[in-house]
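Working notes, beginning with the structure itself.
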Number of protein chains: 2
Amino acid sequence: MNISDVARRAGLPAKTIRYYEEIGLVRPGRSANGYRAFSETDLHKLNFLGRARALGFGIEDCRKLLALWEDTERASADVRRLATEHLARIDDKIAQLESMRETLGALIRDCAGDARPDCPILRDLSGGTGDRARATVRE
Amino acid sequence: MNISDVARRAGLPAKTIRYYEEIGLVRPGRSANGYRAFSETDLHKLNFLGRARALGFGIEDCRKLLALWEDTERASADVRRLATEHLARIDDKIAQLESMRETLGALIRDCAGDARPDCPILRDLSGGTGDRARATVRE
DNA sequence: GATAGGGCTTCCAGTTACTGGAAGGTCAAG
DNA sequence: CTTGACCTTCCAGTAACTGGAAGCCCTATC
């Protein structure tokens, strides 16, 4: 299979697949003309990567998951731990975003949104009145 | 004020403040010795930026908000629109993360997490059974 | 006056996970 | 033979910093 075939079948851009090769996540063979030659196993790996990435796993997590996936002796506890840690990160992000949403929603509700220059959003951001903003945290 | 003073009072790392100068968000003066000399207005701007960033506004949004903040003639509707768009982005991200959380949570619940090699998480990622993963979207 | 410490400066590189584009080789069809 | 689609590599850019090196400046102490 050439790269555009796997790209279509894995639902990933060709550029991304080349990148995955560059960082060692897949190692397709090469045809005589220099084109990458992908096996069914490569395709399967790319599908795996696509799914894991869609779940928000980072590249290094994907590398570990892929190694676990290829290791038939591994314990499911290893995978579970990776997944659980990742779930905790997701929960953190959700909590942060919800805090942002709450603050920003309150500011928007208080803002007339008309042609007058007085704006509670800017007033709050500039630190004049309350300290609603700043409740949130950086990632 | 030297940079470490504003850094402390604005709650931002000095590195970040230099970066904000580099991209034109603040323009502190310079002392004879070449040190940055920050005014109270600069400090106020940096506080503003810190709050807006904590709400998840991107740098370019911050630039616009800062311009609106300095423009006493602006309409509050302009600010409200920026904030509302940003709120929509936040809602999107939350929805995506919640979808991920749901899928990943279900996978973790099904996984024994013991020493046996059989693992439903990897089975799902490898595309064997259902198509639970892939429901989610990239940012 | 010399020195030590901390603070300040600039510049360069690295982070995440790609994405866009240029320059050029390859292949199948007409 | 030419056209067009496909493939290759390499370089640069994205967001928003962060870390580190090399070197100047200022103050205090001996």
Side-chain angles (χ1 to χ4, degrees), chain A residues 1-38 42 45-46 48-66 86 89-90 93 96-97 100 136-139, chain B residues 1-38 42 46 48-66 86 89-90 93 96 100 136-139:
Chain A
M1 268 179 289
N2 279 347
I3 198 166
S4 62
D5 303 318
V6 269
R8 188 175 30 76
R9 291 177 60 186
L12 293 171
K15 276 269 187 190
T16 300
I17 296 172
R18 289 195 195 97
Y19 172 69
Y20 286 170
E21 184 191 17
E22 188 186 327
I23 62 176
L25 287 182
V26 280
R27 302 182 187 286
R30 293 285 173 147
S31 308
N33 57 12
Y35 288 13
R36 287 169 183 82
F38 293 86
D42 291 327
K45 274 196 195 181
L46 288 169
F48 183 99
L49 287 168
R51 288 163 194 268
R53 292 285 301 123
L55 280 176
F57 283 97
I59 289 287
E60 288 316 309
D61 276 346
C62 287
R63 198 188 298 277
K64 287 177 203 156
L65 286 171
L66 213 44
H86 183 48
R89 289 197 297 269
I90 290 177
K93 279 198 185 174
Q96 280 181 35
L97 286 170
M100 287 182 201
T136 43
V137 194
R138 352 201 130 245
E139 335 179 22
Chain B
M1 268 179 291
N2 280 347
I3 199 166
S4 61
D5 303 319
V6 269
R8 189 175 30 77
R9 291 178 61 185
L12 293 171
K15 276 268 188 191
T16 300
I17 295 172
R18 290 196 194 97
Y19 173 67
Y20 286 169
E21 183 190 17
E22 188 186 325
I23 62 175
L25 287 182
V26 279
R27 301 181 188 285
R30 293 285 171 148
S31 308
N33 58 11
Y35 288 14
R36 287 170 183 82
F38 294 87
D42 292 326
L46 288 169
F48 184 99
L49 286 169
R51 289 162 193 270
R53 292 285 301 125
L55 279 175
F57 283 96
I59 288 288
E60 289 317 309
D61 276 345
C62 286
R63 199 188 298 278
K64 287 178 202 154
L65 286 171
L66 212 45
H86 183 48
R89 289 196 296 269
I90 289 176
K93 278 198 185 175
Q96 279 181 34
M100 286 181 202
T136 42
V137 194
R138 350 201 133 250
E139 338 176 24

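Within every chain, numbering begins at 1; the chains are lettered A, B, ... in the order of the sequence lines, protein sequences first and strands thereafter.
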### Query
Reckon B/R36 has a side-chain N or O less than 4.0 Å from the OP1 or OP2 of C/dC8?
no
### Task
On DNA chain C, check which nucleotide each of A/F57 and B/A37 is closest to and give me the residue with the more 5' one.
B/A37
### Query
Of the candidate nucleotides D/dC7, C/dC18, C/dC11, which contains the atom at the shortest distance from the side chain of A/T16?
C/dC18
### Message
Tell me whether the side-chain N/O atoms of A/N33 come closer than 4.0 Å to OP1 or OP2 in D/dC7.
### Response
no
### Nearest heavy-atom neighbours spanning A/I90 and B/M100
CD1-CB, 3.9 Å
### Integer-rounded Å distance: C/dA22 C1' and A/R18 CZ
14 Å
### Query
Quick one: B/H86 NE2 to D/dA15 C1', roughly how many Å, whole number?
14 Å
### Task
Report the distance from atom NZ of B/K15 to atom C1' of D/dA21, rounded to the nearest whole Å.
10 Å
### Task
Would you mind reading off the bend of the helix from C/dG1-D/dC30 to C/dG30-D/dC1 from its two end axes, five pairs each, to 10 degrees?
30°
Distances for protein N or O near nucleotides 2-5 of chain D N or O, under 3.5 Å:
none

### Task
Check step by step if salt bridge (Lys or Arg N to Asp or Glu O under 4.0 Å) holds for A/R18 and A/E21.
CA-CA 5 Å; A/R18 289 195 195 97; A/E21 184 191 17; over 6 Å; no
#### Entry: Rounded interatomic separation in angstrom, taking CZ from B/R53 and P from D/dA15
11 Å
### Query
Is the number of heavy atoms from other residues, nucleotides or ligands under 6.0 Å of A/R27 CZ greater than 12?
no
### Query
How many Å lie between CG on A/L25 and P on C/dA17, as a whole number?
10 Å
### Task
Looking at every strand, decide which applies to B/I3 at a 4.0 Å heavy-atom threshold: base, sugar-phosphate, or nothing.
sugar-phosphate
### Task
Please determine, for the side chain of B/S4, which listed nucleotide (C/dC8, C/dC18, D/dC17) has the closest atom?
C/dC8
### Task
Using atom CG of B/L49 as one end and atom P of D/dA16 as the other, report the distance to the nearest whole Å.
12 Å
### Query
Whole Å only: how far is the CG atom of B/N2 from the C1' atom of D/dT27?
13 Å
### Distance test, side-chain N/O of B/Y20 to OP1/OP2 of D/dA16, below 4.0 Å
no
